[in-house]
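Source: prediction; values computed, not measured. Just so you know, these numbers use all the heavy atoms, side chains as well, and skip hydrogens, waters and symmetry mates.
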Amino acid sequence: MISAKRLIEMARKWQKMAAGKRKRISYPRHHNLHSSAPNKGHFVVYSVDHKRFVVPLKYLTTNVFKELLNWSEEEFGLPSNGPITLPCDSIFLEYVISLIREHVPEEVEKALITSMVTCHHLASSSSSSSSSSRMIIYGF
């Protein structure tokens, strides 16, 4: 179990890294809008604000993506004939992808997951009183 003090330190380090990298995040724009199929070795997910992300398959092995996909299943169910929607906005998803791309230390990834889990459990406990609200993770 990580102490609260250590978690706060890791979160501050994580936020500093994000602030520096956020300005440099860029995704190549594809001019062929008619092609909805991703390139080989990639998959498509959507954020709750309907932004499309083409993500490398190797990201599926990261704990952060595993957690987001589990929450997606809890929130929206398994898509039978539609896209996978992750329970976070595009800003947060861009941040997660940038962390994975930069190969952040495992402790930073654990801090991110811990903060996501905390938000998820807080929202779950507060939504038990009102079942119509859904937990969505929003970026900064």
In a table with atom names and distances, give each donor-acceptor pair under 3.5 Å that connects a side chain of residues 55-68 to protein atoms at least two apart or in another chain.
unit_1 : atom_1 : unit_2 : atom_2 : d
T61    : OG1    : K58    : O      : 2.7
T62    : OG1    : Y59    : O      : 2.7
T62    : OG1    : F65    : N      : 3.4
E67    : OE2    : W71    : NE1    : 3.1

Where is the tightest heavy-atom contact between [X] and [Y], given as atom of each residue plus distance?
X   : Y   : answer
S90 : K51 : CB-CD, 3.6 Å
E75 : P87 : CG-CB, 4.1 Å
Y46 : V44 : CE1-CG1, 3.7 Å

Requested in this report: Output the distance between atom CG (L93) and atom CZ (F53), rounded to the nearest 0.5 Å.
Outcome: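 CZ of F53 is found 4.5 Å from CG of L93.
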Requested in this report: Drop me the distance from T114's OG1 to E109's CD, to the nearest 0.5 angstrom.
Outcome: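 So the gap between those two atoms works out to 10.5 Å.
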Report task. List in chain and number order the residues that pass side chain to side chain donor-acceptor pair (under 3.5 Å) with N70, two or more places apart in sequence or in another chain; answer none if no residue qualifies. Result ->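 In terms of side chain to side chain donor-acceptor pair (under 3.5 Å), with neighbours along the sequence ignored, N70 is linked to no residue.
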Requested in this report: Just jot down the side chain to side chain donor-acceptor pair (under 3.5 Å) partners of S72, sequence neighbours excluded, or say none.
Outcome: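 Per chain and number, S72 pairs via side chain to side chain donor-acceptor pair (under 3.5 Å) with no residue.
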Query raised in the report: Does a side-chain heavy-atom distance below 4.5 Å link F92 with L112?
Result: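 Side-chain contact under 4.5 Å: yes.
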